[in-house]
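When a ligand or atom number is given, it counts from 1 through the structure's own listing order. Sequence positions, counted from 1, serve as the residue numbers for this chain.
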Amino acid sequence: MLVLGIETSCDETSAAVVQMDDHGRKILSNIVASQVETHRLYGGVVPEIASRAHVEAISSITAQALEASGHSLKDIGLVGVTALPGLIGALLVGVNFAKSLAYANDIPLVGVNHIRAHAAAAYLAYPELEPPALALVVSGGHSAIYEIKTPVDFQEIGSTRDDAAGEAFDKIGRLLGLPYPAGAAFDRLAYEGDPEAVPLPSPAIHGQNLDFSFSGLKTAAISYLHTCQQRGVPPDRAGLAASFTKTVTEAFTQKIEAALRLTGHKKMIVAGGVAANSHLRQRLETLCRAMQVALYIPPLSLCGDNAAMVAAQAYYEYRAGRRDDTDLNASATA
Ligand code: KG4
Ligand code: ZN
(Lines give C-alpha, C1' and ligand atoms only; values in the text may rest on other atoms or scores of the structure.)
(Ligands and ions follow the chains in the order given, each with its own letter.)
Protein backbone atom coordinates (compact mmCIF):
# COMPACT_ATOMS: atom_id res chain seq x y z
CA MET A 1 0.00 0.00 0.00
CA LEU A 2 1.24 3.49 -0.82
CA VAL A 3 0.69 5.97 2.00
CA LEU A 4 0.88 9.75 1.60
CA GLY A 5 1.99 11.38 4.86
CA ILE A 6 1.46 15.05 5.76
CA GLU A 7 3.21 16.79 8.68
CA THR A 8 2.69 20.41 9.81
CA SER A 9 2.70 20.23 13.63
CA CYS A 10 5.48 22.75 14.25
CA ASP A 11 7.95 24.49 11.93
CA GLU A 12 8.50 21.89 9.21
CA THR A 13 6.11 21.43 6.29
CA SER A 14 6.58 17.88 5.10
CA ALA A 15 4.98 15.39 2.71
CA ALA A 16 6.12 11.85 1.96
CA VAL A 17 5.15 8.75 0.06
CA VAL A 18 5.94 5.50 1.83
CA GLN A 19 5.33 1.96 0.67
CA MET A 20 4.09 -0.15 3.57
CA ASP A 21 2.83 -3.69 3.72
CA ASP A 22 3.33 -6.74 5.91
CA HIS A 23 6.54 -7.66 4.10
CA GLY A 24 8.28 -4.37 3.56
CA ARG A 25 8.61 -0.70 4.34
CA LYS A 26 10.18 1.74 1.95
CA ILE A 27 10.40 5.52 1.78
CA LEU A 28 9.77 6.59 -1.82
CA SER A 29 9.97 10.31 -1.07
CA ASN A 30 10.21 12.48 2.04
CA ILE A 31 10.23 16.23 1.35
CA VAL A 32 10.85 18.50 4.34
CA ALA A 33 10.60 22.29 3.99
CA SER A 34 12.01 23.80 7.15
CA GLN A 35 10.93 27.23 8.39
CA VAL A 36 13.80 27.58 10.86
CA GLU A 37 15.42 30.46 8.97
CA THR A 38 12.16 32.43 9.30
CA HIS A 39 11.80 31.78 13.03
CA ARG A 40 15.51 32.24 13.84
CA LEU A 41 15.04 36.01 13.80
CA TYR A 42 12.73 35.64 16.84
CA GLY A 43 14.78 32.99 18.67
CA GLY A 44 11.94 30.47 18.56
CA VAL A 45 8.83 29.40 16.65
CA VAL A 46 6.21 32.12 16.16
CA PRO A 47 2.94 30.13 15.82
CA GLU A 48 1.10 32.58 13.58
CA ILE A 49 4.04 32.80 11.18
CA ALA A 50 4.35 28.99 11.20
CA SER A 51 0.69 28.54 10.19
CA ARG A 52 0.97 30.99 7.33
CA ALA A 53 4.18 29.40 6.07
CA HIS A 54 2.50 25.96 6.10
CA VAL A 55 -0.41 27.34 4.04
CA GLU A 56 2.04 28.71 1.47
CA ALA A 57 4.10 25.51 1.25
CA ILE A 58 1.75 22.57 1.69
CA SER A 59 0.41 22.20 -1.88
CA SER A 60 3.76 22.39 -3.62
CA ILE A 61 5.53 20.19 -1.03
CA THR A 62 2.86 17.52 -1.52
CA ALA A 63 3.15 17.79 -5.31
CA GLN A 64 6.94 17.43 -4.96
CA ALA A 65 6.59 14.37 -2.73
CA LEU A 66 4.27 12.69 -5.23
CA GLU A 67 6.51 13.53 -8.16
CA ALA A 68 9.68 12.35 -6.41
CA SER A 69 7.97 9.07 -5.54
CA GLY A 70 7.15 8.44 -9.20
CA HIS A 71 3.45 8.09 -8.37
CA SER A 72 0.29 10.12 -8.66
CA LEU A 73 -2.65 10.51 -6.28
CA LYS A 74 -4.54 7.68 -7.97
CA ASP A 75 -1.89 5.23 -6.66
CA ILE A 76 -2.25 6.40 -3.04
CA GLY A 77 -4.17 3.98 -0.81
CA LEU A 78 -4.14 6.03 2.40
CA VAL A 79 -3.58 9.62 3.54
CA GLY A 80 -2.05 10.01 7.01
CA VAL A 81 -1.75 13.38 8.71
CA THR A 82 -0.43 14.59 12.07
CA ALA A 83 -3.55 15.63 14.01
CA LEU A 84 -2.01 16.03 17.50
CA PRO A 85 -0.13 17.28 19.52
CA GLY A 86 1.46 20.50 18.28
CA LEU A 87 0.76 24.13 17.49
CA ILE A 88 -2.97 24.22 16.84
CA GLY A 89 -2.91 26.64 13.91
CA ALA A 90 -0.08 24.72 12.27
CA LEU A 91 -1.80 21.35 12.77
CA LEU A 92 -5.06 22.67 11.30
CA VAL A 93 -3.33 23.51 8.02
CA GLY A 94 -2.17 19.92 7.51
CA VAL A 95 -5.40 18.36 8.78
CA ASN A 96 -7.61 20.46 6.51
CA PHE A 97 -5.35 19.94 3.52
CA ALA A 98 -5.28 16.16 4.10
CA LYS A 99 -9.06 16.00 4.60
CA SER A 100 -9.73 17.84 1.34
CA LEU A 101 -7.23 15.73 -0.57
CA ALA A 102 -8.62 12.46 0.81
CA TYR A 103 -12.26 13.46 0.27
CA ALA A 104 -11.77 14.79 -3.26
CA ASN A 105 -9.87 11.70 -4.35
CA ASP A 106 -11.87 9.15 -2.34
CA ILE A 107 -8.84 7.94 -0.37
CA PRO A 108 -9.10 6.69 3.25
CA LEU A 109 -7.80 9.13 5.89
CA VAL A 110 -6.14 8.57 9.28
CA GLY A 111 -5.15 11.28 11.78
CA VAL A 112 -1.88 10.44 13.54
CA ASN A 113 -0.39 11.20 16.95
CA HIS A 114 2.94 12.95 16.31
CA ILE A 115 4.70 11.25 19.25
CA ARG A 116 3.74 7.81 17.97
CA ALA A 117 4.93 8.89 14.52
CA HIS A 118 8.37 9.75 15.92
CA ALA A 119 8.67 6.18 17.24
CA ALA A 120 7.46 4.84 13.86
CA ALA A 121 10.54 6.40 12.22
CA ALA A 122 12.38 3.40 13.68
CA TYR A 123 10.26 0.96 11.63
CA LEU A 124 11.34 2.74 8.46
CA ALA A 125 15.00 2.85 9.46
CA TYR A 126 14.97 -0.82 10.50
CA PRO A 127 12.55 -2.74 8.26
CA GLU A 128 13.00 -5.90 10.36
CA LEU A 129 11.96 -4.18 13.61
CA GLU A 130 8.76 -5.41 15.25
CA PRO A 131 7.48 -4.46 18.71
CA PRO A 132 7.30 -5.16 21.62
CA ALA A 133 9.91 -2.56 22.48
CA LEU A 134 10.70 0.18 24.94
CA ALA A 135 10.82 3.68 23.41
CA LEU A 136 12.31 6.99 24.46
CA VAL A 137 10.77 9.85 22.46
CA VAL A 138 12.68 13.07 23.00
CA SER A 139 11.95 16.18 20.97
CA GLY A 140 11.35 19.90 21.20
CA GLY A 141 7.89 19.34 22.64
CA HIS A 142 7.98 15.99 24.44
CA SER A 143 10.19 13.68 26.50
CA ALA A 144 8.69 10.37 27.54
CA ILE A 145 9.34 6.65 27.89
CA TYR A 146 6.79 4.23 26.42
CA GLU A 147 6.19 0.53 26.34
CA ILE A 148 5.12 -0.27 22.78
CA LYS A 149 3.30 -3.62 22.67
CA THR A 150 2.09 -3.23 19.06
CA PRO A 151 2.61 -0.20 16.78
CA VAL A 152 -0.75 1.14 18.02
CA ASP A 153 -0.52 0.10 21.67
CA PHE A 154 1.53 2.65 23.61
CA GLN A 155 1.77 2.85 27.35
CA GLU A 156 3.56 5.85 28.85
CA ILE A 157 5.66 4.71 31.81
CA GLY A 158 7.67 7.88 32.38
CA SER A 159 7.67 11.46 31.21
CA THR A 160 8.80 14.99 31.87
CA ARG A 161 6.88 16.86 34.54
CA ASP A 162 7.65 20.23 32.96
CA ASP A 163 9.79 21.14 29.93
CA ALA A 164 10.85 18.86 27.11
CA ALA A 165 14.54 18.05 26.62
CA GLY A 166 14.76 19.81 23.24
CA GLU A 167 13.19 22.92 24.69
CA ALA A 168 15.87 22.94 27.41
CA PHE A 169 18.66 22.60 24.81
CA ASP A 170 17.10 25.42 22.78
CA LYS A 171 16.64 27.78 25.76
CA ILE A 172 20.14 27.33 27.17
CA GLY A 173 21.55 27.33 23.63
CA ARG A 174 19.96 30.71 23.04
CA LEU A 175 21.65 32.10 26.17
CA LEU A 176 24.94 30.69 24.87
CA GLY A 177 24.39 32.69 21.69
CA LEU A 178 23.62 29.66 19.49
CA PRO A 179 21.13 30.09 16.64
CA TYR A 180 17.64 28.55 16.93
CA PRO A 181 17.16 25.58 17.03
CA ALA A 182 20.28 25.14 19.13
CA GLY A 183 20.46 21.31 19.21
CA ALA A 184 23.08 20.63 16.55
CA ALA A 185 25.39 23.56 17.48
CA PHE A 186 25.03 22.63 21.17
CA ASP A 187 26.07 19.07 20.31
CA ARG A 188 29.27 20.30 18.62
CA LEU A 189 30.13 22.88 21.30
CA ALA A 190 29.89 20.20 24.00
CA TYR A 191 32.92 18.39 22.47
CA GLU A 192 35.08 21.44 23.19
CA GLY A 193 34.36 21.63 26.92
CA ASP A 194 34.95 19.76 30.17
CA PRO A 195 31.77 17.89 31.19
CA GLU A 196 32.69 18.43 34.86
CA ALA A 197 33.20 22.21 34.46
CA VAL A 198 29.78 23.32 35.79
CA PRO A 199 28.00 21.25 38.45
CA LEU A 200 24.31 20.89 37.53
CA PRO A 201 21.33 19.06 39.08
CA SER A 202 20.11 15.92 37.32
CA PRO A 203 16.74 16.07 35.52
CA ALA A 204 16.12 12.44 36.56
CA ILE A 205 13.57 12.60 39.39
CA HIS A 206 14.88 10.75 42.40
CA GLY A 207 13.18 7.51 43.42
CA GLN A 208 11.31 4.59 41.92
CA ASN A 209 9.85 6.43 38.96
CA LEU A 210 10.78 7.02 35.33
CA ASP A 211 10.08 10.74 35.31
CA PHE A 212 12.13 13.82 34.50
CA SER A 213 12.09 17.50 35.33
CA PHE A 214 14.17 19.94 33.32
CA SER A 215 13.22 23.17 35.08
CA GLY A 216 15.80 22.91 37.90
CA LEU A 217 18.55 22.08 35.45
CA LYS A 218 17.59 25.03 33.27
CA THR A 219 17.50 27.38 36.26
CA ALA A 220 20.95 26.19 37.42
CA ALA A 221 22.43 26.77 33.95
CA ILE A 222 20.89 30.25 33.82
CA SER A 223 22.20 31.05 37.34
CA TYR A 224 25.70 30.04 36.28
CA LEU A 225 25.54 32.48 33.36
CA HIS A 226 24.12 35.26 35.58
CA THR A 227 26.81 34.75 38.21
CA CYS A 228 29.54 35.01 35.56
CA GLN A 229 27.95 38.20 34.27
CA GLN A 230 27.71 39.72 37.76
CA ARG A 231 31.34 38.85 38.49
CA GLY A 232 32.41 40.23 35.16
CA VAL A 233 34.07 36.95 34.11
CA PRO A 234 33.44 35.30 30.75
CA PRO A 235 31.35 32.11 31.11
CA ASP A 236 32.90 28.79 30.16
CA ARG A 237 30.46 28.31 27.25
CA ALA A 238 31.87 24.99 26.07
CA GLY A 239 32.14 23.78 29.67
CA LEU A 240 28.48 24.61 30.28
CA ALA A 241 27.43 22.92 27.01
CA ALA A 242 29.47 19.82 27.91
CA SER A 243 28.20 19.70 31.52
CA PHE A 244 24.59 20.27 30.45
CA THR A 245 24.80 17.59 27.76
CA LYS A 246 26.40 15.10 30.14
CA THR A 247 23.79 15.77 32.83
CA VAL A 248 20.90 15.24 30.39
CA THR A 249 22.52 12.19 28.80
CA GLU A 250 23.20 10.55 32.16
CA ALA A 251 19.63 11.19 33.33
CA PHE A 252 18.14 9.52 30.24
CA THR A 253 20.60 6.65 30.53
CA GLN A 254 19.76 6.10 34.22
CA LYS A 255 15.99 6.03 33.65
CA ILE A 256 16.25 3.89 30.53
CA GLU A 257 18.40 1.37 32.36
CA ALA A 258 15.77 1.26 35.13
CA ALA A 259 12.93 0.94 32.57
CA LEU A 260 14.69 -1.90 30.73
CA ARG A 261 15.23 -3.76 34.01
CA LEU A 262 11.65 -3.15 35.11
CA THR A 263 10.00 -4.26 31.88
CA GLY A 264 12.52 -6.82 30.59
CA HIS A 265 12.35 -5.45 27.03
CA LYS A 266 15.19 -6.45 24.74
CA LYS A 267 14.51 -3.83 22.06
CA MET A 268 15.01 -0.11 22.62
CA ILE A 269 13.78 2.63 20.24
CA VAL A 270 15.10 6.17 20.63
CA ALA A 271 13.38 8.78 18.47
CA GLY A 272 12.57 12.49 18.11
CA GLY A 273 14.74 15.51 17.34
CA VAL A 274 16.93 15.11 20.46
CA ALA A 275 17.72 11.51 19.41
CA ALA A 276 20.03 13.23 16.90
CA ASN A 277 22.32 14.15 19.83
CA SER A 278 25.59 12.32 19.25
CA HIS A 279 26.53 12.19 22.96
CA LEU A 280 23.18 10.61 23.84
CA ARG A 281 23.46 8.16 20.94
CA GLN A 282 26.94 7.02 22.05
CA ARG A 283 25.96 6.66 25.70
CA LEU A 284 22.83 4.65 24.89
CA GLU A 285 24.80 2.42 22.52
CA THR A 286 27.16 1.60 25.39
CA LEU A 287 24.27 0.94 27.79
CA CYS A 288 22.37 -1.30 25.38
CA ARG A 289 25.48 -3.26 24.44
CA ALA A 290 26.19 -3.92 28.13
CA MET A 291 22.57 -4.99 28.73
CA GLN A 292 22.38 -7.04 25.50
CA VAL A 293 19.49 -4.95 24.28
CA ALA A 294 19.09 -4.19 20.56
CA LEU A 295 19.11 -0.42 20.03
CA TYR A 296 17.13 1.20 17.20
CA ILE A 297 17.92 4.88 16.60
CA PRO A 298 16.80 6.30 13.25
CA PRO A 299 19.33 8.25 11.14
CA LEU A 300 19.37 12.01 11.68
CA SER A 301 17.11 12.58 8.65
CA LEU A 302 14.31 10.63 10.36
CA CYS A 303 14.85 12.03 13.91
CA GLY A 304 13.50 15.51 13.22
CA ASP A 305 9.97 16.19 12.04
CA ASN A 306 9.18 14.52 8.71
CA ALA A 307 6.13 13.08 6.97
CA ALA A 308 7.54 9.61 6.25
CA MET A 309 7.22 8.71 9.94
CA VAL A 310 3.62 10.02 9.88
CA ALA A 311 2.81 7.85 6.86
CA ALA A 312 4.33 4.79 8.57
CA GLN A 313 2.28 5.29 11.74
CA ALA A 314 -0.86 5.97 9.68
CA TYR A 315 -0.42 2.59 7.99
CA TYR A 316 -0.38 0.77 11.35
CA GLU A 317 -3.39 2.71 12.64
CA TYR A 318 -5.27 1.88 9.41
CA ARG A 319 -4.28 -1.78 9.64
CA ALA A 320 -5.65 -1.80 13.20
CA GLY A 321 -9.03 -0.57 11.89
CA ARG A 322 -8.79 3.19 12.50
CA ARG A 323 -10.53 5.46 9.98
CA ASP A 324 -11.11 9.20 10.08
CA ASP A 325 -13.57 11.29 8.16
CA THR A 326 -14.17 14.91 7.19
CA ASP A 327 -14.92 15.71 10.84
CA LEU A 328 -11.30 14.96 11.82
CA ASN A 329 -10.07 17.78 14.07
CA ALA A 330 -6.62 18.83 15.32
CA SER A 331 -5.67 19.02 18.99
CA ALA A 332 -2.81 20.94 20.60
CA THR A 333 -2.46 18.28 23.30
CA ALA A 334 -2.17 14.52 23.08
O1 KG4 B 1 11.28 16.21 16.87
P2 KG4 B 1 11.61 17.62 16.55
O3 KG4 B 1 12.14 17.91 15.16
O4 KG4 B 1 10.38 18.55 16.76
C5 KG4 B 1 9.40 18.36 17.76
O6 KG4 B 1 8.53 17.49 17.57
O7 KG4 B 1 9.51 19.06 18.77
O8 KG4 B 1 12.67 18.09 17.63
C9 KG4 B 1 13.28 19.33 17.57
C10 KG4 B 1 14.21 19.49 18.75
C11 KG4 B 1 14.75 20.90 18.89
O12 KG4 B 1 14.54 21.33 20.22
C13 KG4 B 1 16.24 20.73 18.58
O14 KG4 B 1 17.08 21.65 19.25
C15 KG4 B 1 16.47 19.32 19.08
O16 KG4 B 1 15.33 18.60 18.64
N17 KG4 B 1 17.71 18.76 18.51
C18 KG4 B 1 18.76 18.38 19.25
C19 KG4 B 1 19.76 17.95 18.34
N20 KG4 B 1 19.26 18.07 17.07
C21 KG4 B 1 18.00 18.56 17.20
N22 KG4 B 1 18.96 18.39 20.58
C23 KG4 B 1 20.14 17.95 21.03
N24 KG4 B 1 21.16 17.54 20.23
C25 KG4 B 1 21.01 17.51 18.88
N26 KG4 B 1 22.01 17.09 18.10
ZN1 ZN C 1 8.45 16.16 16.43
Side-chain angles (χ1 to χ4, degrees), residues 5-14 16 30 32-36 39-40 43-45 47 50 54 81-88 90-91 94 112-122 135-144 146 159-160 163-176 178-191 203 214 217-218 221 240-249 251-252 269-284 297-310 312-313 332-334:
I6 308 276
E7 158 63 40
T8 64
S9 69
C10 190
D11 57 351
E12 261 96 30
T13 314
S14 180
N30 192 15
V32 181
S34 178
Q35 306 171 4
V36 294
H39 298 291
R40 191 162 283 161
V45 180
H54 286 308
V81 61
T82 300
L84 77 169
L87 300 172
I88 191 66
L91 286 165
V112 170
N113 177 316
H114 183 82
I115 304 169
R116 290 184 176 203
H118 268 301
L136 171 71
V137 181
V138 272
S139 73
H142 8 266
S143 301
Y146 301 90
S159 71
T160 178
D163 307 328
E167 197 181 336
F169 274 109
D170 290 340
K171 289 218 171 108
I172 302 307
R174 187 178 171 175
L175 295 173
L176 288 172
L178 303 174
Y180 170 83
F186 207 115
D187 197 333
R188 288 190 294 273
L189 184 62
Y191 282 103
F214 289 90
L217 169 65
K218 245 173 44 183
L240 179 61
S243 304
F244 189 90
T245 303
K246 182 168 183 230
T247 307
V248 171
T249 301
F252 282 134
I269 294 171
V270 184
V274 181
N277 188 275
S278 64
H279 308 265
L280 182 64
R281 292 172 88 94
Q282 285 161 24
R283 187 67 187 82
L284 293 178
I297 311 190
L300 300 200
S301 59
L302 289 174
C303 285
D305 289 346
N306 69 89
M309 67 186 197
V310 177
Q313 185 61 28
T333 53

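Residue Gly272 places no N or O, backbone or side chain, under 3.5 Å from any N or O of ligand 1. For ligand 1, none of its N or O atoms has an N or O atom of Phe169 under 3.5 Å away. Considering backbone and side-chain N/O atoms, Gly141 comes within less than 3.5 Å of an N/O atom of ligand 1. Ligand 1 has no N or O atom lying under 3.5 Å from any N or O atom of Ser278, backbone or side chain. Looking at Glu12 next to ligand 1, no N or O pair under 3.5 Å apart turns up. An N or O contact shorter than 3.5 Å is missing between Pro181 and ligand 1 by distance.
Within a 6.0 Å sphere centred on CZ of Arg174, heavy atoms belonging to other residues, nucleotides or ligands number 12 at most.
Residue contacts with ligand 1 for Asp305 involve both N, CA, C or O and side-chain atoms from C-beta outward (heavy atoms, distance under 4.0 Å). Heavy atoms from both the backbone and the side chain of Asn277 come within less than 4.0 Å of ligand 1.
With sequence neighbours excluded, the residues satisfying side-chain hydrogen bond (donor to acceptor under 3.5 Å, both in side chains) with Gln313 are Glu317. Residues meeting the side-chain hydrogen bond (donor to acceptor under 3.5 Å, both in side chains) test with Glu167, sequence neighbours left out: Lys171. With sequence neighbours excluded, the residues that form a side-chain hydrogen bond (donor to acceptor under 3.5 Å, both in side chains) with Ser139 are His142.
For the atom pair Thr249 OG1 and Leu284 CG, the distance stands at 8.0 Å (nearest 0.5 Å). In this structure, the separation between CD1 on Ile297 and CG on Leu302 is 13.0 Å, given to the nearest 0.5 Å.
Nearest to atom 18 (C) of ligand 1 among the protein's heavy atoms is Gly183 CA, 3.4 Å. Counting only heavy atoms of the protein, atom 9 (C) of ligand 1 lies nearest to Gly140 N, 3.7 Å. Regarding atom 20 (N) of ligand 1, its nearest protein heavy-atom neighbour is Gly273 O, 3.5 Å. Ranking the protein heavy atoms by distance from atom 26 (N) of ligand 1 puts Asp187 OD2, 3.0 Å first.
At least one heavy atom of His118 sits closer than 4.0 Å to an atom of ligand 1.
Protein contacts to the Zn ion (ligand 2) involving N, O or S atoms at a distance below 2.8 Å are His114 NE2, His118 NE2, Asp305 OD1.
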